[in-house]
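To start, the structure itself, in structure tokens.
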Amino acid sequence: MSETCIQLKSVSKMYGNTKVISDLNLSVKKGERLILLGPSGCGKSTTLRMIAGLETVSSGDLMIDGHRMNDVPAGKRHISMVFQDYALYPHMTIEKNIAYGLMVNKVNKEEVARRVDQVLSILNLKGLERRYPRDLSGGQRQRVALARSIAKQSTIFLLDEPLSNLDAQMRVSARNELLKIHETYHQTFVYVTHDQMEAMTLGHRIALMRDGQLQMLATPYQIYHRPANVFVAKFIGTPATNIVHIHLDGDHFHFQNHSLTAGKEWLPLIAANGSNEFLLGIRPEHMQLSKINKPGALSGTVKRVEEYGSRTGVIFNFEESEMIAISDSRNWRNGERIYFTFNQKAMYLFDKDTEKTIGFVD
Ligand SMILES: Nc1ncnc2c1ncn2[C@@H]1O[C@H](COP(=O)(O)OP(=O)(O)OP(=O)(O)O)[C@@H](O)[C@H]1O
């Protein structure tokens with residue numbers, strides 16, 4: 001999986017005078033499942049649509065298999081795309097929906113029948129061939145949309161939030177189906193979602209975007225454990241990473257009223273950063289709560305407790321910030337004083353001005 005399939009070189013997209021994608025550099029390897037992830041409006045669909053040829057590229061180069069595709073029409077790009085709303089033909093049976101595109105592309109009759117039969121079985125749609133889209137459930141319609149795209153046997157498969165109309169359980173089984181499809185056909189996937197769980201479970205790599213700019217392109221593990229900046233640290237993980245301002249004096253981190261001795265493994269990175277003002281990131285799942293004060297603990301006051309089923313979220317005031325910790329215990333009361341510690345190897349330090357990480361120690 002080392003050959004490049006899709007490459008965006010300094011790609012920008014303007015709508016009128018508004019730049020919605022800025023200088024995007026992105027390579028997708030052959031057979032890779034790359035996820036475009038980010039908040040609503042960050043430019044995921046626009047990026048996908050430029051790759052598909054449904055939007056023009058305002059500047060930069062879009063390369064597929066080493067060829068510049070900026071001016072190649074969508075129909076000539078040999079790409080399959082699945083949309084959020086499925087876009088099935090309402091007046092055609094399921095079988096026809098799948099076969100139609102192949103017939104338009106002059107695939108011979110026997111081959112069309114063979115492919116339709118194959119995708120119907122892969123997606124568990126046997127028995128529904130003669131029904132119309134209106135007579136199917138949302139999950140079945142979504143599988144027909146996938147089946148139709150797979151039947152084309154394109155080597156590039158673009159998916160724009162294909163599971164967003166499904167309920168939580170169906171999403172999980174649909175994710176497994178997608179993985180099965182990928183195992184069978186080894187297409188290059190570019191998959192748009194704003195759901196981090198979907199991104200983490202489906203992606204070989206994730207491209208996390210914000211306001212039309214790439215924030216980080218890395219494996220799910222790196223995105224979670226090695227966030228490049230404050231935005232990445234806060235976007236990935238639920239509940240979100242706590243971020244608080246700290247000031248370094250000698251080898252001490254100072255909050256407003258609390259202080260902590262900085263772990264010595266951090267000192268070289270801190271010295272290399274130059275500034276003494278940082279944003280400290282701590283994941284809620286990396287904090288230990290206690291009702292008893294102990295050396296090195298920081299303290300706060302419980303504001304609210306959230307039930308997550310197997311665990312509890314404890315929201316508390318820490319100086320002027322609000323923080324959240326995940327606890328195995330349910331024994332927390334609003335208004336009570338609590339003490340928390342965390343392993344400094346698991347914390348993140350970001351430069352306060354650039355909000356970029358200064359490095360990692362574990
Ligand atoms: N045809 C258009 N004309 C003008 N602006 C547009 C057009 N299409 C999209 N935009 C703007 O471009 C930006 C990126 O939109 P895009 O649909 O790519 O975001 P997205 O990340 O896919 O969002 P969502 O998750 O909500 O679908 C948004 O600010 C959007 O309003």
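Everything numeric here is computed off the predicted structure, so don't read it as measured data. Count residues from 1 along the sequence. Ligands are counted one by one from 1 in listed order, and the atoms in each one are counted from 1 as well.
- At a distance under 4.0 Å, a protein heavy atom can be found next to atom 8 (N) of ligand 1.
- Between E55 and Y15, the side chains place a donor N or O and an acceptor N or O closer than 3.5 Å (distance only, hydrogens not considered).
- Of all atoms in ligand 1, numbered sequentially from 1 with element shown, those under 4.0 Å from a heavy atom of E161 are 25 (O).
- Distances from atom 25 (O) of ligand 1 to the heavy atoms of H194, K44, E55 put K44 nearest.
- At least one heavy atom of P39 sits less than 4.0 Å from an atom of ligand 1.
- Close approach of ligand 1 to T46 is summarised as follows: ligand atoms under 4.0 Å from at least one heavy atom of the residue are 14 (C), 15 (O), 16 (P), 18 (O).
- The shell of residues lying under 4.0 angstrom from ligand 1, judged by heavy atoms, includes C42.
- With no hydrogens or angles considered, a side-chain donor-acceptor pair links R337 and T301 at under 3.5 Å.
- For the residue pair S149 / S80, no side-chain donor-acceptor distance below 3.5 Å is found, with atom types taken as modelled.
- With 3.5 Å as the limit, one finds a donor-acceptor pair spanning the side chains of T56 and K13.
- Using a distance-only test at 3.5 Å, with no hydrogens or angles considered, a donor-acceptor pair links the side chain of T312 to the main chain of S329.
- Contact annotation for atom 28 (C) of ligand 1: protein present (non-hydrogen atoms, distance under 4.0 Å).
- In terms of protein heavy-atom proximity, atom 5 (N) of ligand 1 is closest to Y15 CD1, 3.3 Å.
- With distances taken over non-hydrogen atoms, the option nearest atom 26 (O) of ligand 1 out of S40, S164, S45 is S40.
- Short contacts between ligand 1 and G41, defined as distances under 4.0 Å to a heavy atom of the residue, involve ligand atoms 13 (C), 14 (C), 19 (O), 20 (P), 21 (O), 23 (O), 24 (P), 26 (O), 28 (C), 29 (O).
- The existence of a salt bridge linking E111 and R115 is confirmed by a sub-4.0 Å separation between a basic side-chain nitrogen and an acidic carboxylate oxygen.
- A salt bridge does not link D160 with K44: none of the charged nitrogens is closer than 4.0 Å to a carboxylate oxygen.
- Centroid-to-centroid, the aromatic rings of F340 and F318 come within less than 6.0 Å.
- Remark: ligand 1 atoms within the under-4.0 Å shell around heavy atoms of V20 are 11 (C), 12 (O), 13 (C).
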